[in-house]
Amino acid sequence: MSSIETFFSGLNNFIWGPPLLILLTFVGVYYTIRLKGLQFRYFFKAFKLSFTRQCSKQKGDISLFQTLMTMLAATIGIGSIAGVATALTIGGVGALFWMWVAAGFGMITKYAESVLAIKYRTVDANGNMSGGPMRYIEKGTGKKWLAKTFAILATLTTLLGIGNMIQSNSVALALTELIDLNPIYTGISLTVIVAISLFGGIKYLGKISAYLVPAMALFYILGGLFIISVHMKQIPMAFVWIFKSAFSGQAAAGGFLGATIMQAIQMGISRGVFSSEAGLGSSPVIAAAAKTNSGPKQGLSAMYSVFITTGIVCSITGLVIVLTGSLGAFDSNGMLLDGAALVIYAFDQTLPFGGLIVTIALIPFAFSTMMSWAYLGEKCMEYLFGIRSILYYRLLYISLVIPGALLSLNLMWTIANVLNGLMAFPNLIVLFMLSSVVIEETKHIPALFPKKLKAKKQPTS
């Protein structure tokens, strides 16, 4: 097993080295400049657009709010909890700063993805919307081979990476840490729940997400904010430490082995992308199902998911770990804490039931992510092999839940990182190639926010 982990670790370091980091940053900076900082100019208007009732008579399967919640179901999860902990364990507290950088540019990247998703979506044989990178790559550039490459990589990612196995793995570890539950029982339970839920489709997923996501996110956020408030006096020094470590690395302390600047950048950006999925190409598949005829409208709503996921949830996780001094802690067996176990430990330092908060939040987080990514995989399989292949995909997806719960944490995260990186390459390249389309579509944004004319005062007689 060690040789397999060594191979994937080397592959991960190569993929998430300068080429992908530069490409991710370039696309985000390029769109930020060309669209004049749209993610910041329309920040508050995007919030209003996302959380107000929209017209339900337009083309699509689920409302803008349900689309946003489904995106959050896919992103607020293991990446926001275990992913942040792993980033800090490897890259030091400075990784948190680079997560924020990734979120800033990721917002405009996700906007561009969603605009293209709406413009190039189609209707499948069942009358449902079908879209995403494979559609806009083929229809926007004519490069069908590249569209198929993305679809294959995305399918593998849903099965072996972030979508399925990494979720069951983190839940199993959390339950083992909290109540010493054998991972096989966690795997079996998740398999049954996923199997029952998988056949509801995007409309069912949208309805479930609209209720489940706000509840589970609020539960975790309130617990984290309480811990942060307890350590209020330490917050200024924590931010100084985060910013300093982001540009100078972090020395070894306790069980923490230390981190270089490159490790902080690599882990921060990769985990930032992992949590928000901006640039990966997963969110546009969900965005294509939105009930709207306006790509920019969906894009503005979609970019807000990055702020909620990375800007709020990931920040809370990271600050709790930093403020409680949990980085570098060991478990009862003398093993360095990492992933969900580290977050549980950090919450337990302030709240006697803190670990329970994390675990209770983690289970629905993981489940909603598994369901959302299953939808992505289905659409990719449909693109590659037709609508009949969806049944076979679902059966394969269900069968991999138990193996995911039993495998090594480090191996699972490394494989997920590798697949995420490979999946991002074709999507990011095409986002740049189709930038003129996004810029042209963005010209329609002012029409979404018509200015109210002030009534002229009537002359008095």
Side-chain angles (χ1 to χ4, degrees), residues 28 38-52 54 62-84 87 96-114 162 205-206 208-226 228 268-269 271-280 282-287 290 297-320 343 357-358 361-362 364-369 371-373:
L38 179 144
Q39 70 269 45
F40 308 116
R41 291 189 293 118
Y42 283 91
F43 182 83
F44 294 106
K45 289 183 177 180
F47 174 85
K48 183 179 179 181
L49 192 67
S50 301
F51 294 95
T52 54
Q54 303 290 327
I62 54 178
S63 68
L64 278 183
F65 178 72
Q66 289 176 334
T67 305
L68 176 62
M69 291 301 106
T70 306
M71 284 185 180
L72 289 173
T75 56
I76 297 182
I78 303 304
S80 306
I81 299 178
V84 175
L96 194 56
F97 170 83
W98 295 108
M99 280 189 191
W100 296 332
V101 172
F105 292 126
M107 290 175 71
I108 196 65
T109 303
K110 186 165 281 196
Y111 167 84
E113 290 177 312
S114 297
I162 182 175
L205 178 58
I208 293 295
S209 299
Y211 293 102
L212 181 63
V213 172
M216 68 183 186
L218 187 62
F219 180 70
Y220 181 77
I221 288 170
L222 289 177
L225 287 177
F226 176 80
I228 291 171
I269 293 179
R271 288 295 186 267
V273 172
F274 191 104
S275 65
S276 70
E277 299 175 16
L280 291 187
S282 54
S283 294
V285 178
I286 299 171
K297 179 184 284 188
Q298 172 52 39
L300 289 173
S301 178
M303 77 179 192
Y304 218 81
S305 68
V306 180
F307 172 74
I308 294 172
T309 304
T310 308
I312 297 178
V313 182
C314 288
S315 296
I316 287 173
T317 302
L319 287 172
V320 168
V343 184
I357 290 177
V358 177
L362 198 65
F365 277 163
F367 168 71
S368 63
T369 301
M371 298 310 300
S372 299
W373 273 77

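When a residue number appears, it is its place in the shown sequence, counting from 1.
Nearest approach of Trp100 to Ser315, heavy atoms of both residues: NE1-OG, 2.7 Å. Residues Ala46 and Met303 come closest through the heavy atom pair CB-CE, 3.9 Å. Here the closest non-hydrogen pair linking Ile81 and Val343 is O-CG2, 3.5 Å. Nearest approach of Tyr111 to Leu300, heavy atoms of both residues: CD1-N, 3.6 Å. For the pair Ser114 and Ala287, the tightest heavy-atom approach, listed with the atom from each and the gap, is OG-CB, 3.7 Å. What you find for Met99 and Cys314 is that their closest heavy atoms are SD-CB, 4.4 Å.
When the side chain to side chain donor-acceptor pair (under 3.5 Å) test is applied to Trp373, the partners found at least two apart in sequence or on another chain are Glu277. Taking Tyr304 as the reference, nothing meets the side chain to side chain donor-acceptor pair (under 3.5 Å) condition, with sequence neighbours excluded.
Distance check, rounded to the nearest 0.5 Å: CG of Leu319 to CG of Leu96 gives 6.0 Å. Within the model, atoms OG of Ser80 and CD1 of Ile308 stand 11.0 Å from one another, a figure rounded to the nearest 0.5 Å. Atoms CD1 and OH, on Ile108 and Tyr42 in that order, are 11.0 Å from each other to the nearest 0.5 Å. With values rounded to the nearest 0.5 angstrom, Leu225 atom CG is found 4.0 Å from Ile316 atom CD1. Here the CE atom belonging to Met107 is positioned 9.0 Å from the CG atom belonging to Leu38, to the nearest 0.5 angstrom.
In this structure, Lys110 contributes its side chain and Ser276 its backbone to a donor-acceptor pair below 3.5 Å. Although no hydrogens or angles enter the test, the distance criterion places a donor-acceptor pair under 3.5 Å between the side chain of Glu113 and the main chain of Gly279. A distance-only check finds a donor-acceptor pair linking the side chain of Ser305 to the backbone of Ala302 [under 3.5 Å].
Taking the six-membered ring for Trp, Phe43 and Phe307 have ring centres closer than 6.0 Å.
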Quiz item: For Ile221 and Val313, what are the C-alpha separation, side-chain angles and deciding distance, and is it a side chain to side chain contact (heavy atoms under 4.5 Å, CB included)?
Solution: CA-CA 7 Å; Ile221 288 170; Val313 182; 4.2 Å; yes
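Under the 3.5 Å distance criterion, with hydrogens and angles disregarded, a donor-acceptor pair is assigned to the side chains of Thr317 and Tyr220.
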